[in-house]
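No hydrogens, no waters, no symmetry mates; every other heavy atom, side chains included, goes into these values.
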2 protein chains.
Amino acid sequence: MLSRACQYGILLLVHLAHGEGGRFEPVHEAAAGLGLSAHFLAKTVGPLARAGLVKSYRGPNGGVALARDPMQIHVRDVVRAIDGSTPVECCVLGLPGCGENRPCPMHDAWSAVRANVSRLLDDTTVGALAARLDTESLRLSSLDPEH
Amino acid sequence: MLSRACQYGILLLVHLAHGEGGRFEPVHEAAAGLGLSAHFLAKTVGPLARAGLVKSYRGPNGGVALARDPMQIHVRDVVRAIDGSTPVECCVLGLPGCGENRPCPMHDAWSAVRANVSRLLDDTTVGALAARLDTESLRLSSLDPEH
DNA sequence: CTGTTTTGAGACTCGTTTGTCTAGAATGTA
DNA sequence: TACATTCTAGACAAACGAGTCTCAAAACAG
């Protein structure tokens, strides 16, 4: 569905949105907080920066920070930046060129699912996800439960 | 989403349901009709037969045939037979152990999508898909448009 | 200037999936 | 029996994703 790199990217942005606003946080620190591989997480920073979602800075006190208001960053933006514009975009049955003019037998039903996913990605912002971390007992980390 | 092998399996069953009832059709013939690799399609027959969805017979006049009424074969059965019982079952963000007690920030919204997909797999039968091939201008083949 | 911290880019390994191919076991026909 | 047809199982290679590692460039601190 979403590539691992894309999942890491979303987690990183939500983590940054949940932290202090203007601070540049080193990638390895964010990775430790999220319980992820620092090396692999670092590979997502490039695409995110090129897409204008984060800004990064080298050297001591460097790191990564959000480039925009987290309420203006949609999950769709992250997916597009890392995975490209193709989440669930293709035919369920794998038929090439399946579409309105030459649909497969499941095309209509699958289009409904696709629309749901698309709306979810468009409507959900990184800031909204971060806000829910506080109000509800949600988690971002892959580590052991710390309840 | 669905593995290639699983997609091939669904296409094969719908193709068989669309053909004559009791006939054993050679796999290479079905593959030609669907525009798929015969060797790869053949690898899906084993799991499908073990799951009791098709029966196969060797030798001349042999081949593959549906083992049951196609209206009693759900797409879910094919997915379970080939991919196992895990379509979209996991967390969107990839968090291990994400669930009702320790949800990720997108858990609730994603559960709705998951339920949609699950219902689609459960409600759709191979027979229903085959029936729609006739009434509407649908296609199964990966080959060039034959309009 | 020297050394440390950090990003950035890429090579590399590993496992899974996709796809092709081969050999063998059934099955039917002459 | 001899032979053609077909499934069955598995070996094999190519492609991809995930993840680790290394080296260089930038930035700062002393």
Side-chain angles (χ1 to χ4, degrees), chain A residues 1-12 16 23-51 53-67 79 81-84 86-87 90 93-96 142, chain B residues 1-12 16 23-51 53-67 79 81-84 86-87 90 93-96 142:
Chain A
M1 169 53 81
L2 296 180
S3 76
R4 207 77 175 169
C6 187
Q7 294 173 337
Y8 279 32
I10 298 172
L11 291 173
L12 174 63
L16 290 176
R23 174 163 177 260
F24 280 78
E25 181 176 16
V27 172
H28 64 82
E29 183 182 313
L34 292 169
L36 305 177
S37 153
H39 279 297
F40 193 61
L41 182 60
K43 296 179 71 166
T44 71
V45 173
L48 291 175
R50 272 188 289 276
L53 303 178
V54 303
K55 47 193 176 182
S56 59
Y57 219 74
R58 289 194 250 212
N61 302 322
V64 187
L66 293 179
V79 175
I82 298 183
D83 277 354
T86 52
C90 49
L93 298 182
L95 297 191
S142 302
Chain B
M1 168 54 84
L2 296 180
S3 75
R4 208 77 177 169
C6 186
Q7 294 173 336
Y8 279 30
I10 298 172
L11 291 173
L12 174 63
L16 290 176
R23 172 163 179 262
F24 279 79
E25 181 176 19
V27 172
H28 65 82
E29 183 183 313
L34 292 167
L36 306 177
S37 152
H39 279 299
F40 193 61
L41 182 61
K43 297 180 73 165
T44 69
V45 174
L48 292 176
R50 273 188 288 276
L53 303 178
V54 303
K55 48 193 176 181
S56 59
Y57 220 73
R58 286 194 251 212
N61 302 321
V64 187
L66 293 179
V79 175
I82 297 183
D83 278 354
T86 52
C90 47
L93 298 181
L95 296 190
S142 302

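Note on R50(A): a side-chain N or O is less than 4.0 Å away from OP1 or OP2 of dA9(C). In this structure, S56(B) reaches the dT8(D) phosphate: one of its side-chain N or O atoms is under 4.0 Å from OP1 or OP2. Distances shorter than 4.0 Å separate some side-chain N or O of S37(B) from OP1 or OP2 on dT20(C). The phosphate of dG19(C) (OP1 or OP2) has a side-chain N or O of Y8(B) nearer than 4.0 angstrom. For the pair R4(A) and dG19(D), the criterion of a side-chain N or O lying under 4.0 Å from OP1 or OP2 is met.
In this structure, of dC7(D), dA29(D), dT18(C), it is dA29(D) that holds the atom nearest to the side chain of N61(A). For V27(A), counting side-chain heavy atoms from C-beta on, the closest listed nucleotide (dC7(D), dT7(C), dA18(D)) is dT7(C). Comparing dC21(C), dT6(D), dA27(D) by their nearest atom to the side chain of H39(B) picks out dC21(C). Closest to the P26(B) side chain, of the nucleotides dC7(D), dT20(C), dA27(D), is dC7(D).
Residues V27(B) and V64(B) come closest through the heavy atom pair CG2-CG2, 3.4 Å. Minimum interatomic distance between E25(A) and L16(A) (heavy atoms only, all atoms of both residues): OE1-CD2, 3.6 Å. The nearest pair of heavy atoms linking A38(B) to H28(B) is CB-CA, 4.0 Å. Across all their heavy atoms, S3(A) and D83(A) have their closest contact at OG-OD1, 2.5 Å. Here the shortest heavy-atom pairing between F24(B) and K55(B) reads CE2-O, 3.6 Å.
Nearest-nucleotide mapping onto DNA chain C: of Y57(A) and P60(B), the residue sitting toward the 5' end is Y57(A). Position along DNA chain C of the nearest nucleotide to V45(A) versus G59(A) favours G59(A) as the more 5'-ward residue.
One atom, CG of L36(B), and another, P of dT18(C), lie 13 Å apart when rounded to the nearest Å. Computed from coordinates, the E29(A) CD to dT7(C) C1' distance equals 15 Å when rounded to whole Å. In this structure, CZ of R58(B) is placed 8 Å from P of dA9(D), rounded to the nearest angstrom. Atom NE2 of H28(B) and atom P of dG19(C) are 20 Å apart (whole Å).
Within the 4.0 angstrom heavy-atom criterion, no nucleotide atom of any strand lies near F24(B). Nucleic acid contact for G63(B): sugar-phosphate only, since backbone atoms but no base atoms lie under 4.0 Å from a heavy atom of the residue.
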